[in-house]
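Numbers restart at 1 for each chain; the letters A, B, ... are given by sequence-line order, proteins then strands.
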Amino acid sequence: MGATEETIAAVEEATGQYKYGFVTDVETEKAPKGLNEDIIRFISAKKNEPEWMLEWRLKAYAKWLTMESPDWAKLDIPEIDYQDIYYYAAPKSAEGPKSLDEVDPELLATYEKLGIPLNEQKMLAGVAVDAVFDSVSVATTFREELAKSGVIFCPISEAVHSHPELVKKYIGSVVPVADNYFSALNSAVFTDGSFVYIPKGVRCPMELSTYFRINEKNTGQFERTLIIAEDASYVSYLEGCTAPQRDENQLHAAVVELVAMEDAEIKYSTVQNWYPGDADGKGGIYNFVTKRGACRGDRSKIAWTQVETGSAVTWKYPSCILQGKDSVGEFYSVAVTNGAQQADTGTKMIHLGEGSRSTIISKGISAGKSNNTYRGLVQVMPKAENARNFTQCDSLLVGDKCGAHTVPYIVSRNPSGKIEHEATTSRISEDQMFYCRQRGLDEEETVSLIVNGFCREVMKELPMEFAVEAQKLIGISLEGSVG
Amino acid sequence: MNLLEIKNLKAKIGDKEILHGIDLTINRGEVHAIMGPNGSGKSTLSYVLSGRDGYEVTDGEILLDGESVLDMEADERARAGMFLAFQYPVELPGVGGMSFLRAAVNARLREKGEDEVDQLAFVKMVRAKAKALGVDDEMLKRAVNVGFSGGEKKRYEILQMALLEPTMAVLDETDSGLDVDALRIVSEGVNALRGEARGMLVITHYQRLLSHIVPDYVHILAGGRIIKSGDKDLALEVENNGYAGLIDAA
């Protein structure tokens, strides 16, 4: 594999800044490059999908062809050649593993390098992992244990077969196919992702976790996740992402849909560490993600927490549609950009239900010559009596070549609505730097400490085991940002 | 060997020379006081010693344990044993006190080639030292210096000194903003750290601190020069007659 050797050499040259920039040498099966109906049929056939699923995909594709890539974000993206991407790549040995023993040891070693607790032993820590490698879900642990409480946690490709009625009912119900350019693309070509169903009254007995990794060169990853929490249920879901270091840009266009019924609560946490490209902006992941949750039932709650440190380009607005009476939406975000990274991220809180409440806490850190934009919409619809929103957007600048931008949209169509927006922009002061360094901390340790302090309100929303990793990530991603 | 040797030290900020040639030698076990009126260069001296950016040494030498520190960054000097108790400690929003203190202590331990201290042992160590300085658990849980009163900030500085066990401690106007009781607690904390392990340089405008922390030597700094040195009685002379007479005589 010439490409692999090339990449390894490139990684070694690039000073090893990106800790997850290794490539796993496994044989893969790929569909030919490019996108057309045949490719979609190929993907569908590979997954042995029923006819309705294929039709859904083809409709999405037809829709996508009529759409245009959005250009309203504060992002400078070269034109993407959608015919130059592989839309399906599967590790050859990974088709249908029945247990961990059947999973390619090379893959397991990869996950070990990533620090994912995949084997059952480590699972005692209480995390069930659905690991998605390029386009296929490799292993889902702890499924039996979950099944006992009636929780379904499996690859979505499997749910299409085992629970077609649920998939049919909910897929595209929160993020319609034609919602935007990337959701249409995802709907046409999505390869895998997680499916979670929490029955009525069940509190999911463990944190559920998915780990995404893009290994194959020139592949796009189009995962699709669907989480349904029935009345009075609870689930906490974690998602982590990495990709090897490559000179080419790779595309990631995911769709995540959450549905919370009456009194249900979904906590969705992401630590995103896709390869950001080098300091000059060469390579890196283009991350175009549509995440949306519907608080359908009264008193339902959806909380998004994200720590975004990677990707060359991030275009992502995890949102809540607050339909239920007294429903609650929360968005906690840390977005770190360094080098030549660009992030345009934020949320949308759509208040439809009476007494619905939302909280937005966004912390943006810009370093190097990066650009970091918060873009958020708070919309109170006419029937949303007494809706409340509180938004706090803080930006921290490291160095003097980066940019921080805040673009809040506030639309209130009900006079009883209460909307608050606070925003600050600051930089690490020379006094703070000197104080920490006088205590023996070097420049990078100081920046990491102060930045983590700046993000603390958000970090404390993360599950414990993720918080530690996220803290370290923030330190790593700011390396070389000073001096 | 002398612990700290300052030879003909000249330093400027921007184009303005503030220190015009300072000579001072401090040995282990000694406490020196530097007194002087406002604008005499006291704080500049503390920043030049600790390596703050923006303070340029134009001539002379600073030796710590016989090694020049002039090419060392502030954090390298700190890890080599130089400590500055700040006149105005800065707030670090969101930075938990315990993790900050532990990071600092571990940086110093790493430099000495010793094992880092684990969390549990560290908490024990901090609690013991904090108690003596009247720093309670609640304060340790807060973000560094955030919402601290003037007295609390100064006690926190001395706590850090007690944890880091520097060989050379510079205390910049540690008495400013302290009431009588706080001054006594802080001074007791400092006195407990006196001994053969370290030298101290106490910078102050007023004599009152020096009746609590009794120095072995007193130097008068005025106009960027040490104009007179003596023992603790020199501080009383300043108290009684002010700086003017001394400056005129020099």
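The environment of A:Lys418 atom NZ is sparse: at most 12 non-hydrogen atoms of other residues, nucleotides or ligands sit within 6.0 angstrom. The number of heavy atoms from other shown groups lying within 6.0 Å of CD (B:Glu114) is above 12. Enclosure of atom CG in B:Asp118 by more than 12 non-hydrogen atoms of other residues, nucleotides or ligands within 6.0 angstrom is indicated. Crowding of B:Glu116 atom CD: a count of heavy atoms from other residues, nucleotides or ligands under 6.0 Å exceeding 12.
Pairing each heavy atom of A:Gly440 with each of B:Ala107, the nearest pair is O-CB, 3.4 Å. Of all heavy-atom pairs spanning A:Ile450 and B:Val95, the tightest one is CA-CG2, 4.1 Å.
Of the inter-residue distances, the one linking B:Ser50 atom OG with A:Arg439 atom CZ reads 9.5 Å to the nearest 0.5 angstrom. Note that CG of B:Leu92 and OG1 of A:Thr446 are 9.0 Å apart. Values are rounded to the nearest 0.5 Å. Between atom CG of residue A:Asn452 and atom OG of residue B:Ser99 there is a gap of 9.0 Å, rounded to the nearest 0.5 Å. Expressed to the nearest 0.5 Å, how far CZ of B:Phe100 lies from CG of A:Leu441 amounts to 6.0 Å.
For B:Leu84, the parts sitting under 4.5 Å from any heavy atom of chain A are the backbone and the side chain alike. Only the side chain of B:Val144 comes within contact range of chain A, with heavy atoms under 4.5 Å apart. Within the 4.5 angstrom heavy-atom criterion, atoms from both the backbone and the side chain of A:Tyr435 approach chain B. If you measure heavy-atom distances from B:Pro166 to chain A, you find no contacts under 4.5 Å at all. If you measure heavy-atom distances from A:Glu457 to chain B, you find no contacts under 4.5 Å at all. Within the 4.5 angstrom heavy-atom criterion, no atom of B:Glu111 approaches chain A. Residue B:Arg108 does not touch chain A at all, counting heavy-atom pairs closer than 4.5 Å.
Considering only heavy-atom pairs separated by less than 4.5 Å from chain A, the leading option among B:Met82, B:Glu76, B:Glu73, B:Gln160 is B:Gln160.
A 4.5 Å side-chain heavy-atom check between A:Phe434 and B:Asp53 finds every atom pair outside the cut-off. Looking at B:Arg52 and A:Asp431, their side chains come closer than 4.5 Å, going by heavy atoms from C-beta outward. At least one side-chain heavy atom of B:Pro93 sits less than 4.5 Å from a side-chain heavy atom of A:Gln432.
In this structure, A:Arg456 contributes its side chain and B:Gly94 its backbone to a donor-acceptor pair below 3.5 Å. For A:Arg437 (side chain) and B:Ala74 (main-chain N/O), no donor-acceptor pair under 3.5 Å exists by modelled atom type. Not a single donor-acceptor pair under 3.5 Å links the side chain of A:Glu430 to the backbone N or O of B:Gly54.
A salt bridge links A:Glu445 to B:Arg110: at least one charged side-chain nitrogen sits closer than 4.0 Å to a carboxylate oxygen.
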